[in-house]
Amino acid sequence: MSAARTFEFAGVAMPPLLQASLDRYANEHVETGGFLKSVLENDLCEAVCRADEFNFQFLPVLVRYVYNELPSPCWGSKEKVAAWLKKAVAK
């Protein structure tokens, strides 16, 4: 989880606000907005439907970031995301 550098994929840089939100989620168990949550839940249909024009163009770099940079227990299904967010309550 590297917040120090801007993540890039296929020449597209991750927007800093999206990267910061994903890093807060991964490091501090802070819930994201609905669009990023659908990406984390591996729900492509929901992610596409929730994306605005700006965020839509970053779907490939977001998915690549989640896959390569975030711990696998925090993403991949609704159940995994819910369990990850519950850990914040337990702290």
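L22 and L17 fall into different hydrophobic clusters, where Ile, Leu, Val, Met, Phe, Trp and Tyr are joined by side-chain heavy atoms under 4.5 Å apart, directly or via other members.
Annotation: side chain to side chain donor-acceptor pair (under 3.5 Å) contacts involving residues 34-44, sequence neighbours excluded, comprise E31-K37. Applying the side chain to side chain donor-acceptor pair (under 3.5 Å) rule to pairs touching residues 46-57 yields E46-R50, D52-N55, sequence neighbours excluded.
Contact of the L62 side chain with the F35 side chain is registered, since non-hydrogen atoms from C-beta on lie closer than 4.5 Å. Using a 4.5 Å heavy-atom threshold, the side chains of K86 and W84 count as separate. Residues V63 and L44 fail the side-chain proximity criterion, which asks for heavy atoms closer than 4.5 Å.
Within the model, atoms CG of L18 and CG of D23 stand 11.0 Å from one another, a figure rounded to the nearest 0.5 Å.
Scanning all heavy atoms of the two residues, the minimum distance from Q19 to F7 falls at OE1-N, 3.2 Å. Nearest heavy-atom pair across V61 and M14 is O-CE, 3.9 Å. Smallest separation of non-hydrogen atoms from T6 and A13: CG2-CB, 3.9 Å.
Partner of Y25 under the side-chain contact (heavy atoms from CB on, under 4.5 Å) criterion, out of V66, V30, L36, L40: L40 alone.
Between the K80 side chain and the P73 main chain, no donor and acceptor come within less than 3.5 Å of each other.
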